[in-house]
Each structure stands twice: as structure tokens, then as C-alpha cells.
Amino acid sequence: MTADQDVIIVGSGMSALIAAITLATEKNVKIFTKEPLVGGNSWRAQGGMAVAIDKEDRPQDHLQDTLEAGCYHNNVDMVSILVKEGLPRVKKWMKQGMAFDQEHGILSLGMEGAHRKRRILHAGGDQTGLRWMEFLHQQLKNHPNIQKYENEMVFDLVMENGECRGVVSKNTSGNVSVWRSSHTILATGGCGGIFEATTNDPSIVGDGIAMAYRAGAKVSDLEFMQFHPTLIKYNKKVVGLASEALRGEGAILVDQTGRKIMEGIHPLQDLAPRDVVARVIERETLSGNQVYLDITSIRQFEKRFPTITAMCKQAGIPLEKGRIPITTGAHFLMGGVVTDQFGRTTVPGLFAVGEVARTGVHGANRLASNSLLEALVFGERVGEYILEASGKPLSYVMHSNSFLTKAGGSYNLVFPKKEEIQKQVSRALGVERNEMNLTRFLHWLDAQQVKEHLLANRSNWSMEEVEIANMLLVTWLMAKSALERMESRGAHYRTDYPKTERNWDEKQVYHRNAIIQSEGRGTYCEQIIT
Ligand code: SIN
């Protein structure tokens, strides 16, 4: 096998490993991660994996819940793939040894917000992500066709004639390497780390989106950042996530007086969709109330939620009082690099999977526990597609103009501190947005030379400098998208346009060009330089 036949995967979360294992039956796979292999968002996933596995449940019901939570901004065909293929694919991995929690020999199915049925498979109580990752690492161990490169940051894509032909990386000693590949898969996660309060690993700052955009790939729906309603915050510090499964098992949101804050707000009350709950909590907090999760009704709390118990104990939260103090925080990006059902981006040779991809399954607001299912279904799909497509020419359907080859200018650049970017982003792109804050933020980004950062040659930059430039670019794209969407929908809430415009997407698509129409709904970011 020549080096040109290698598949490169950038990122090491669940979707990356599923794709790698699928591909390694026939391909030589290289996995690059800027962090150690053990770390990142997938390890942190608490809730579980939603799948219509119960005999009383149907993929069609799962589809309906996904669309409703997503405010019908979803791509229905992609959701259909997710829920229909999800079931047999999960069963296959279970046969191979992935174990989920059971009670009396029967799968124990959890409940989460906006699901009308119990359909959440979980493992180790609230350790589903960790158990999946341990299981996948077992499969990868000593695999002759998989090479892992830890602490090696991919900072650019190799582009030739508009096609992606590999990646450029830098290790911790600053050595730059060029790696060629026939297929390159981005699996770098979303960008929660650009916010002050987040459930994400701090390293997740939108690297894949920035790289793909720089290479000319289409990105879309970046205004839709999901805020998780219940991050544990104690003594002014974010401690970690309190899974939505807590509310699924009976926890309720109360203020310091014990008032139930979701009562009368939504028919599903505490199990309303995340965007609804997050906005209520945000407003309660802004009006001076402290919001808590009242967990007194949950039986065997410590056994069912060992991770949350350990986090609270370590932070000194007195669980015997039955209340966990919470706040909202950036959790999951519904938008990202536009892909089709095989993970193909608009750049030939470049694929995207997991949170970095905008498959369209999540719409404007992701349904709880659909992300691990997405990682599984589309991780396998991208692997299967590449195995099948090998040998065929790379050029296909949508062609996009790459300007990366024109990049490489040298500029006198200043790099703002990450904390400053996080502060500015949290103010402008938080749970509630408005034109004034978004415009102010875009001016601030201009002053940080966002466009020059985009065009500069990065070879001599430190990893931190690359991350900062990526943060500037991704937040610029998010703010542009948020400003452009003059309505509220799902996770994108504009105080100056609080209503959902029934035909917003259709109207926008109508005004745009033919390529965009053929790709369907969404806020697309034009290339800054073409
Ligand atoms: C949670 O456990 O609440 C998070 C899981 C998810 O985002 O799907």
C-alpha cells in the first residue's frame, strides 16, 4: 500500500475511532490528535445513546421527536438515516461486546428532555462516553493498520487543484510535517471551548471548521450553538455537566425558595427541549435567582450517577441537601462543515464526521443523546463509503473554489488572549443575542485582524497561535450567521427578533444562488475572499 492510499483522520473522538475501525479492514489509517488520545469530548458524554430499541418504540417516533426538538430546521432524509440505521448498527456493536446497563437482564432505557419515550441506552450509569471510548480503544489496540499521532496538531489541509490531498501538522517541538492521503476525514468536534462556560474539553475550539473553511468548504448553521441548561456551578466555578438524565429520572429545576421554575412554561415542564429550558434558567439567573436541580426524588442517586456524584463531592457540594447549583453553558454546535450522507464535504477528498459536520440531523436544536448515535451511524458510513469509493476519481458533484493555495501572506499580527475571546464571544453569542451586541463583536473581531489571521502563513506559529486564529475565524462566522438570521429558532434566540418566521429558511434559500438551493436549508457563510 503506498502512502498515497492512506486515510487520515484528524481527531480522536467516537466518530473518528468508529471510522478508523471500519476503514482499517482494508486501509492504512493515520489518526492525528493535538491532545493525548485519552481526552476530548466523547470521553465526557454522560447521558447516553438514543435509539428506538424498545418494542413499544419506533424509529418513526424517534424521527418525530428529533424534528420537533430541531424546530423542523433538520434535513429529514438525514434524520431518517440516523434513526433507521441507528438500530441495526447499535445492535451490531452490542454483539461485538459494547455493553449497556441492564436491570434484571433487560436493557435499562433512560429518559431525557423532548423524548416522548424511554430510549436512552447508557453504560456505567452516567459514563456512556467513557465506556464507549474504552471499548473502541480495545479494538484499536495494536491494530496493524492504524497509526496514532498524539500531541500532533493538524493546522492546514494540503490542497491541489481544489482537492484535499492530505494535511500539514506540527508536533510539540514545533516540527512541521506534510502527510499525503487519498481521503482526509475531519473529526475535530465542535467549538464549545470558545465560550467561558462550557461542557466541552477546553481544546475544542473549532479547528476543523476553520481549516475546512480556509480550504473553501461550505459551512452552515453556525448560529445554532446549543446551551446545556445544567452545568454544575459552585463557588463561581463551573464544575462539570449535570446530565439531562437527572431530569429524566425525576430531578426538577427550582430556585432558592423551592419554586419550580418550569411550571406553566412548557407542557413537558422540566423535560422541555434544551433551548427552552436554557432560556428560562438564563432569565432566572439574570434576575438574581439561583437555580438548582432538586434531586431528592432520585433513588440510588450515587449508583445511577457516579460521575456526577464524584464531581459534586470533589467540589464540596453537599449532596445530602438534595440540591445541585446549576447554570447554562455552551454544549453542542448543530452547524459546521456541510456534508452529505457519506460525510463528503464540498471539497473533493475532504470528509467530516461527528460534531464538526453539519449533516442536518440536529436542525436548530439537537435532541438529547442523538450525538453519540450520529457519531456511530455517520462514522461507519464515511468509512464504508471510502472503502467502496477507493480507486474512483475524487472529483464529484459540488465543486468549490479553494483559496488556500493563494494564502500564505506574512502579516504583522497580534494575537488576543483566549480568555478575552471567550469573554467577548459569551457576551455576543450567548443564550440570547441581539444586533447591537453582534455588530459590536464583529467590529472587535475586525480590530483583531480576523481576515489577516485567515490568510497568513501558519508554519511558524505556535499551536496556541493557530488555535487563537481558528477561534477568531469561527466566531466571526458564527456572528455573521447569527446576525443574518433575523428570527429566533431553536438554540438561536434574538431578543430583537423573538419570533420564529415560518418561512425564514425558504425565503433565504430563494434569494441565494442555485448551488445553495440544491443543498437545502441553512445559513451559509460566503467565503471572505474568493
Ligand atoms: C447530557 O447528559 O445531558 C448530555 C448528553 C447530550 O448532550 O446528549
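Starting from 1, each residue takes its place in the sequence as its number. One-based numbering, in listed order, for ligands and for the atoms of each.
Using a cut-off of 4.0 Å between Lys/Arg side-chain N and Asp/Glu carboxylate O, R433 and E282 are scored as not salt-bridged. Salt bridge annotation for E249-R118: present, with a cationic side-chain nitrogen under 4.0 angstrom from a carboxylate oxygen. Classification of R323 and D294 as a salt-bridged pair fails, no side-chain N sitting under 4.0 Å from a carboxylate O. Ionic pairing of R304 and D126 is not present here: no N-O contact between side-chain nitrogen and carboxylate oxygen is shorter than 4.0 angstrom.
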**Item:** Test log, rule ring-ring contact (aromatic ring centres under 6.0 Å, His included), inputs F227 and F195
**Value:** CA-CA 10 Å; F227 292 87; F195 286 81; 5.5 Å; yes

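In this structure K233 satisfies the salt bridge (charged side-chain N to carboxylate O under 4.0 Å, His left out) test with no other residue, sequence neighbours excluded.
The contact shell of ligand 1, taken as protein residues with any non-hydrogen atom closer than 4.0 angstrom, comprises Q46, G47, H228, L241, S243, E244, R274, H331, R366, A368, S369.
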